[in-house]
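A short worksheet on the structure shown next.
No hydrogens, no waters, no symmetry mates; every other heavy atom, side chains included, goes into these values. All figures in this text were calculated on a predicted structure; none of them were measured in a lab.
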Amino acid sequence: MMAVFRTDVLAFMFAAGAYICAPPPAFAQDASQTAPWYKTITVNYFAEGSYSYNFGYPNSDINAFRVFDYHNQKLELEMAEVVVQRPALNPGDFGFRMDATAGQSVPQVTASYGLFRDSSTGEAHDYDAHQIYVRWVAPLGHGLELDAGKFITPFGYETIDGYDGYNDNETRSLLFGYAIPFTHTGIRASYAFSEKVSATAMVVQGWDDWKDNNGAKSAVFQLALMPSSRWSLYFNAMAGPEQRDNDRDERCLYNVVGSYKPTSNWTLGFDLLRGTEDGLLENGGTASWSGCAGYLRYNFTGRFALGFRAEIFEDDGGTRTGTPQTLREVTVTPEFKLGKHFVLRGDLRRDWSDAPVFEKRSTSCQGQTTVIVALCFVH
């Protein structure tokens, strides 16, 4: 009964958001009048469907160590999203944002504990709210942005796809799925010192926790640098206890992300990270994980582009993937824009490990090759 009730609630949220944010009938208005606050609300949509094929024909029909495309030979609606928001841009402004999502894979993976994932059993559902927060721009300097609620993590080169940004590759990286959090719940403060320098600080429940699992909080910091219109650099750090009922052992994460556009057609990117967590190894020692990823994208025309990604992820103690191993992967992604709102993408990807963690029919092996085709709708 609870699952049915929550599905109905999400459906109501989608319908209400579309109704509230529908354009009002045109009428004459004095230009000197300020539009009512509810007419500044916007609504946007994003949807993504895909089909994945594993050339190893695993008996489990699972693509190992994948984030969202873990089902083999299954046509899925990965995610349908409605974003309702009132932007807050100037000092003194109030705003909010809600990303309501439903789908067969993405919400199951990214749902936070205590919200749409049961804190005790770990069970998630086919719906989620990736972000739901309120914002006030405090009248300090250029405007200090203060957010309270749930928001997507600043870590990593890649993000959860949505209307205001989707990745160059269809499949997600190992670093995205196993090395960093998806979301945070808490308080966030952001300030732009200039067009080239900005900073963000957060006090949050932790990694993917709506309800904290212990009595301590975690701190997140980001420094963003834009040396020129071609360069962008992000330095991220996070620390805090993340284990259930444990306020002592800390998890720390350090991350550097950058992108460079030598021309309007080329984009190069990188993602470097290292994480540690106390008390996770059998002898009570500190576990660690690290990785790096490189990205390249070339726009041949306004409609066709080709993306490339290569990465390596080291899970020394097996605390992130369940097995001590070094994972590698390479991905090639052609992209076609089909008109204004549709994007067709397809990944050819090869994963391999120094441990036999993949499946080839009913036997274990050290690699897998997959292909995926996906259609995205953005509005």
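Taking the centre and axis of the six-membered ring of Phe68, the NZ or CZ atom of Arg172 falls outside the cone set by 45° and 6.0 Å. Judged by the 6.0 Å and 45° rule, Arg66 forms no cation-pi pair with Tyr70. Under the 6.0 Å distance and 45° angle rule, Arg135 does not count as a cation-pi partner of Phe94.
Contact record, Val378 with Tyr163: CG1-O, 3.5 Å, taken as the closest heavy-atom pair. Here the closest non-hydrogen pair linking Asn63 and Asp69 is ND2-O, 2.8 Å.
Side-chain contact between Pro241 and Arg248: absent, with no pair of heavy atoms (C-beta onward) separated by less than 4.5 Å. Put simply, the side chain of Tyr260 does not reach to within 4.5 Å of the side chain of Thr267, judged on heavy atoms. Counting only heavy atoms from C-beta outward, the side chains of Phe313 and Tyr178 approach each other to under 4.5 Å.
Here salt bridge (charged side-chain N to carboxylate O under 4.0 Å, His left out) pairs that include residues 325-348, with residues two or more places apart or in two chains, are Glu48-Arg345, Asp161-Arg345, Glu170-Arg345, Arg297-Glu335, Arg309-Glu329, Glu329-Arg349.
In this model, no donor atom of one side chain and acceptor atom of the other lie less than 3.5 Å apart for Thr276 and Ser288.
Ion pairing between Arg244 and Asp209 fails under the 4.0 Å rule for side-chain N and carboxylate O.
Atom CD1 of Ile187 is surrounded by 12 or fewer heavy atoms from other residues, nucleotides or ligands within 6.0 Å.
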